J.: 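The structure is given below, and queries will be raised subsequently.
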Amino acid sequence: MWEVNMGASAAGLSAAQCKEERRIGLNECKPVLYGKLPSPSCCERVRVSHIECVCPVITPKLAALIDVNRAIRLIEGCGRRVPRHFKCGSITTP
């Protein structure tokens, strides 16, 4: 919990605001989890979401379920750059 609050304050957002941002993003992008391409509204969430709100919840257990290369392709396909060797929670990009 401390890490989430620390990340939220770095973004200038409260823990509740970060939680709401994650909820909206998950709802907009849920079809992606089932192999669909991101919708325009999902891509908008990808572009505006604060990384400080998202990364602290990427636990080792969640990271094991994520295909990092696919996630990077989808994020970049939505117009958001993903830096090389970037650490986001328990994931480090190639």
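All residue numbers in this chain count up from 1 along the given sequence. Bear in mind that the values here come from a model prediction, so they are computed numbers and not experimental data.
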J.: Applying salt bridge (Lys or Arg N to Asp or Glu O under 4.0 Å), can you list everything that pairs with Arg80, at least two apart in sequence or on another chain?
T.: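 Arg80 satisfies salt bridge (Lys or Arg N to Asp or Glu O under 4.0 Å) with no other residue.
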
J.: Does the pair Asp67 and Asn69 meet the rule for a side-chain contact (heavy atoms from CB on, under 4.5 Å), with working shown?
T.: CA-CA 6 Å; Asp67 176 344; Asn69 291 319; 3.8 Å; yes

J.: Could you grab the distance from atom OG of Ser90 to atom CD1 of Ile66, nearest 0.5 Å is fine?
T.: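 Those atoms lie 9.5 Å apart.
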
J.: Between CD1 of Ile91 and SG of Cys55, what distance do you get to the nearest 0.5 Å?
T.: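 If I round to the nearest 0.5 Å, the distance is 8.5 Å.
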
J.: Taking Cys78's backbone N and O only, do any of them form a donor-acceptor pair with Arg47's side chain (distance below 3.5 Å, no angle check)?
T.: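 Between the backbone of Cys78 and the side chain of Arg47 there is a qualifying donor-acceptor contact (under 3.5 Å).
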
J.: Report yes if some heavy atom in the side chain of Pro94 is under 4.5 Å from a heavy atom in the side chain of Ile72; otherwise report no.
T.: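 Yes. Closest side-chain heavy atoms under 4.5 Å.
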
J.: Should Leu13 and Cys53 be marked as a side-chain contact (heavy atoms from CB on, under 4.5 Å) after you check the CA-CA gap, both sets of side-chain angles, and the distance that decides it?
T.: CA-CA 8 Å; Leu13 300 172; Cys53 290; 3.6 Å; yes

J.: Is there a donor-acceptor contact under 3.5 Å from the side chain of Thr93 to the main chain of His85?
T.: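 Side chain of Thr93 to backbone of His85, a donor-acceptor pair under 3.5 Å: yes, one is there.
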
J.: Taking only residues two or more places apart in sequence or in another chain, which ones pass side-chain hydrogen bond (donor to acceptor under 3.5 Å, both in side chains) with Arg70?
T.: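 side-chain hydrogen bond (donor to acceptor under 3.5 Å, both in side chains) check on Arg70 returns nothing, list empty.
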
J.: Distance-only, no hydrogens or angles: does the Gln17 side chain make a donor-acceptor pair with backbone N or O of Ser14 under 3.5 Å?
T.: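 Looks like yes, one N/O pair under 3.5 Å.
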
J.: Could you list the residues that satisfy salt bridge (Lys or Arg N to Asp or Glu O under 4.0 Å) with Glu76, not counting sequence neighbours?
T.: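 With sequence neighbours excluded, Glu76 shows a salt bridge (Lys or Arg N to Asp or Glu O under 4.0 Å) to no residue whatsoever.
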
J.: Could you tabulate the donor-acceptor pairs under 3.5 Å formed by side-chain atoms of residues 25-37, not counting sequence neighbours?
T.:
from	atom 1	to	atom 2	distance (Å)
Glu28	OE1	Ser41	OG	2.6

J.: Between CD of Glu21 and CD of Glu52, what distance do you get to the nearest 0.5 Å?
T.: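 The CD atom of Glu52 is 9.0 Å from CD of Glu21, to the nearest 0.5 Å.
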
J.: Evaluate the side-chain contact (heavy atoms from CB on, under 4.5 Å) criterion for residues Val54 and His50: first the C-alpha distance (whole Å), next the side-chain angles of each, then the deciding distance (0.1 Å), finally the verdict.
T.: CA-CA 7 Å; Val54 177; His50 294 84; over 6 Å; no

J.: Find out whether Pro38 and Val46 are in side-chain contact, i.e. whether some heavy atom of one side chain is under 4.5 Å from a heavy atom of the other.
T.: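 With C-beta onward as the side chain, the pair stays apart.
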
J.: Share the residues that join Phe86 in a hydrophobic cluster, the rule being Ile, Leu, Val, Met, Phe, Trp or Tyr side chains under 4.5 Å apart at the heavy-atom level.
T.: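 Direct or chained contacts put Phe86 with Ile51.
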
J.: Please give me the minimum heavy-atom distance between Arg45 and Ser49, naming the atom from each residue.
T.: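 Of all heavy-atom pairs spanning Arg45 and Ser49, the closest is O-OG, 2.6 Å.
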
J.: Determine whether Val48 and Val82 fall in the same hydrophobic cluster, where Ile, Leu, Val, Met, Phe, Trp and Tyr are linked whenever their side-chain heavy atoms lie under 4.5 Å apart.
T.: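 The answer is no; the residues belong to distinct hydrophobic clusters.
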
J.: Restricting to salt bridge (Lys or Arg N to Asp or Glu O under 4.0 Å), what partner residues turn up for Arg84, sequence neighbours left out?
T.: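 Arg84 satisfies salt bridge (Lys or Arg N to Asp or Glu O under 4.0 Å) with no residue once adjacent residues are dropped.
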
